[in-house]
Each structure stands twice: as C-alpha cells, then as structure tokens.
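One structure is given below, encoded as structure tokens.
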Amino acid sequence: MPRRPNKRAEPLSDGVCDIYTVKDESEAGDAPKEKPVFRYRLTFAARAIGVQRKLLAMQEHAELDLLIRCPLLPDLEVRDIVQIDHEQYEITKIETPPRVIPRVADISLKAVKTRYDISGLF
C-alpha cells in the first residue's frame, strides 16, 4: 500500500538564514574577484546530523557542519553562501525529501574558512 504524503506543514521555526550567491566581478583576463550577492532570506529548521548522513559525507570526503531544512527554491545552488547568526556556511548538498508538503529542501552546510564581506548587502 503506497504511503500518503505528509499533509501537515513542516514547522520551520528555528531561525532565519540569508542566502547569497558568489559572482565573479573581475574583468576578463584579471584575477578572479568574488563578490557575494544577496538572494533570499528564509526561515529554517535545524536538523540532527545522523550517523548514516555523517558516514556518507565522510565517504565523499565532504565536511558536514550543519544540516537545515528550508522551503524548496528552484534556483538554490551548491556553493551558495548561507549566513546564520553571523556565521557563514557553504552549501555542499541539497536534497528534497519525498512526501513532504509543502516542498522543502534539506541543505548540508560546511563552515566557510575565509569569510565574505557581506555587510551592507541586505
């Protein structure tokens, strides 16, 4: 018997995150000059990082520092920057869990080693 979709809305009430994309602002032939561009402000729910997910990340030689669930956006991309409480993270993986209505995305994040200057962008 097929499972019915979850009709209950997912509570996304753990906080607010800002999403930025990184654009190359350099002239042709010059060294790359990355500049973050504001895209979205979203609510999110913090998710527990399970053993299975942590092991999969280790197999892919990927870092996994935080896992959040937010509304699904069609143009969300890996390598976008997410800021949560003045901490910056890079999106490493985007998954869409089945049978969840409204559609959401589980986003795997790793801490950014070199912070981007995003003051005054929003």
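- Contact detail for F44 and C70: the closest heavy-atom pair is CB-CB, 4.3 Å.
- The shortest side-chain heavy-atom distance between L109 and I91 falls under the 4.5 Å cut-off.
- Follow the hydrophobic side-chain contacts under 4.5 Å out from I94 and you reach I84 in the same cluster.
- Closest heavy-atom contact between D65 and A111: OD2-N, 2.6 Å.
- One hydrophobic cluster, built from ILVMFWY side chains closer than 4.5 Å, holds both V112 and I118.
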side-chain contact (heavy atoms from CB on, under 4.5 Å) between T96 and R103, worked out: CA-CA 8 Å; T96 55; R103 302 288 293 157; 3.7 Å; yes
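- If you chain together hydrophobic residues whose side chains sit under 4.5 Å apart, Y20 and Y116 fall into the same group.
- Contact between P97 and A105 at its shortest, heavy atoms only, is CD-CA, 4.5 Å.
- No donor-acceptor pair closer than 3.5 Å links the side chain of R39 to the backbone N or O of D80.
- Contact annotation: the side chain of P36 never approaches that of I81 to less than 4.5 Å [non-hydrogen atoms, C-beta and beyond].
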Worked verdict on D106 versus R69 for salt bridge (Lys or Arg N to Asp or Glu O under 4.0 Å): CA-CA 4 Å; D106 285 344; R69 178 170 280 182; 2.7 Å; yes
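- Nearest heavy atoms, T43 versus P71: O-CD, 3.5 Å.
- T92 contributes a side-chain N or O that, together with a main-chain N or O of S108, makes up a donor-acceptor pair within less than 3.5 Å.
- In this structure the side chain of V82 reaches within 4.5 angstrom of the side chain of I19, judged on heavy atoms.
- In the hydrophobic cluster analysis, where Ile, Leu, Val, Met, Phe, Trp and Tyr join through side-chain heavy atoms closer than 4.5 angstrom, L73 is grouped apart from V100.
- Here the side chains of D75 and T21 are not in contact, with every heavy-atom distance at 4.5 Å or above.
- Looking at D24, its side chain never comes within 3.5 Å of a backbone N or O of E34 through a donor-acceptor pair.
- There is no path of hydrophobic side-chain contacts, each under 4.5 Å, that joins Y89 to F38.
- What you find for R115 and H86 is that their closest heavy atoms are NH1-O, 2.8 Å.
- One finds the CG atom of D30 at 12.5 Å from the CD atom of E25 (value rounded to the nearest 0.5 Å).
- Sorted by first and then second residue, the salt bridge (Lys or Arg N to Asp or Glu O under 4.0 Å) pairs with a member in residues 82-95 read R53-E95, E60-K93; sequence neighbours excluded.
- In terms of heavy-atom proximity, L12 sits nearest to A45 at CD2-CB, 3.9 Å.
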